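All values reported here derive from a predicted model rather than from experimental measurement.
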Amino acid sequence: MSKKSLVLTAITLFAAFALSSCATKTAYIPQGTRPEAVSGFSQDDIDDTVYAAVESLLTLDRIKAPEGSSRAVVIVENVVNDTLSRGRDAEALAEGLGLGLREELTNCGKIVVYNREAAQYATVQVTPQYILKGRLTQRNLRQDNSDVQIEYSLNLTLIDLATGLEFWQKRIPLRKLAARKNVF
């Protein structure tokens, strides 16, 4: 083997080793386990926040079914995302919160979620009693050590459509601490 081909072989092996060691591995996270915390709002954060909200709402037993019905009808509006994320990520976060709220409220057995799109094709008219509105906010606070404390807050309001009165509100905070370089 010539000196030139020996050098080329060594460079090729080094490059292959360097590239293979830089490759990241993708793996499934088993259901029911918590992945490493992230500075953004993860699916676990969405699930925990939605669960806390629905549990609070149902525990107070504020939602009453109309006379002659076993379940109340609630409009669940899309959550307004007022965080620092923008674009598709922001839309996905707001949609994830809205879908989570609809799912948990529908499956609790006390509530039927009113679907405005489907209602236009309905043969039976249904009048919703309530509307649930939500807003997700974010504040980033610098710590003395250059870390960032990220404070998310899901703010929900339940309004009686007959009177316009707000009779349930819930603020669900979520705080995270991250290195400044990991916060966008």
Side-chain angles (χ1 to χ4, degrees), residues 24-63 72 74-117 128-161 164-184:
T24 59
K25 180 180 174 187
T26 301
Y28 284 102
I29 299 170
Q31 191 71 15
T33 61
R34 291 284 231 200
E36 188 174 318
V38 295
S39 60
F41 212 86
S42 71
Q43 184 62 48
D44 287 323
D45 297 331
I46 290 172
D47 294 344
D48 292 347
T49 304
V50 164
Y51 178 79
V54 171
E55 183 179 31
S56 171
L57 181 59
L58 296 176
T59 301
L60 293 175
D61 201 30
R62 295 275 174 104
I63 295 181
V74 178
I75 296 170
V76 179
E77 286 198 342
N78 289 332
V79 173
V80 175
N81 184 342
D82 200 9
T83 65
L84 302 176
S85 61
R86 297 288 175 250
R88 286 193 328 236
D89 288 342
E91 293 168 13
L93 174 55
E95 183 179 355
L97 286 164
L99 288 171
L101 287 166
R102 285 181 191 87
E103 176 185 3
E104 290 298 318
L105 288 170
T106 300
N107 294 338
C108 76
K110 295 181 179 181
I111 294 168
V112 177
V113 174
Y114 186 81
N115 184 317
R116 290 181 187 178
E117 285 181 31
Q129 290 84 36
Y130 307 98
I131 188 166
L132 180 64
K133 296 182 172 210
R135 177 176 296 275
L136 181 67
T137 60
Q138 174 184 351
R139 287 185 338 159
N140 289 354
L141 307 169
R142 281 199 176 153
Q143 299 279 316
D144 289 341
N145 64 357
S146 297
D147 285 348
V148 177
Q149 180 176 321
I150 307 162
E151 294 184 347
Y152 294 101
S153 181
L154 178 61
N155 305 295
L156 296 168
T157 304
L158 187 69
I159 301 166
D160 183 330
L161 289 172
L165 297 175
E166 296 178 1
F167 66 96
W168 176 83
Q169 290 189 2
K170 182 70 177 173
R171 182 182 61 82
I172 302 164
L174 177 68
R175 295 181 184 94
K176 297 183 175 195
L177 187 62
R180 190 170 77 178
K181 68 180 181 178
N182 294 335
V183 178
F184 28 82

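- Shortest non-hydrogen contact noted between L161 and P128 is CD1-O, 3.7 Å.
- At distances below 3.5 Å, not a single donor-acceptor pair connects side-chain atoms of D47 with backbone N or O atoms of D44.
- The 12-atom threshold is exceeded at CD of Q143, counting heavy atoms of other residues, nucleotides or ligands nearer than 6.0 Å.
- The shortest distance between side-chain heavy atoms of I63 and K110 does not fall below 4.5 Å.
- From Y130, atom OH reaches atom CG of D160 across 5.5 Å, with rounding to the nearest 0.5 Å.
- Residues C108 and L58 share a closest heavy-atom pair of CB-CD1, 3.5 Å.
- The residue from R171, R139, K176 that alone fulfils the salt bridge (Lys or Arg N to Asp or Glu O under 4.0 Å) condition with E151 is R139.
- Remark: T106 OG1 to I111 CD1 distance equals 8.0 Å, nearest 0.5 Å.
- Paired with V113 under the rule side chain to side chain contact (heavy atoms under 4.5 Å, CB included), one option of L105, L101, N107 passes, and it is L105.
- Remark: of the listed residues D82, T49, L97, L97 is the sole one forming a side chain to side chain contact (heavy atoms under 4.5 Å, CB included) with L136.
- One finds the CZ atom of R175 at 8.5 Å from the OG atom of S153 (value rounded to the nearest 0.5 Å).
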**Request:** Show the numbers, then the answer: is there a side-chain hydrogen bond (donor to acceptor under 3.5 Å, both in side chains) between Q149 and D147?
**Result:** CA-CA 7 Å; Q149 180 176 321; D147 285 348; over 6 Å; no

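- Put simply, the side chain of D45 reaches to within 4.5 Å of the side chain of S42, judged on heavy atoms.
- A salt bridge is defined here as a Lys NZ or Arg NE, NH1 or NH2 lying under 4.0 Å from an Asp or Glu carboxylate O, and R116 with E77 meets this definition.
- Between E103 and V50 there is no side-chain heavy-atom pair separated by less than 4.5 Å.
- In this structure, NZ in K170 is found 14.0 Å from CG in L158, a value given to the nearest 0.5 Å.
- Applying the 6.0 Å contact sphere to CZ of F167 captures more than 12 heavy atoms from other residues, nucleotides or ligands.
- Between the CH2 atom of W168 and the CG atom of L57 there is a distance of 4.5 Å, given to the nearest 0.5 Å.
- We find the CG-CD1 distance between L156 and I172 to be 5.5 Å, quoted to the nearest 0.5 Å.
- In this structure, the side chain of R102 engages the main chain of V76 through a donor-acceptor pair within 3.5 Å.
- Side-chain contact check for I150 versus Q138: some heavy-atom pair is nearer than 4.5 Å.
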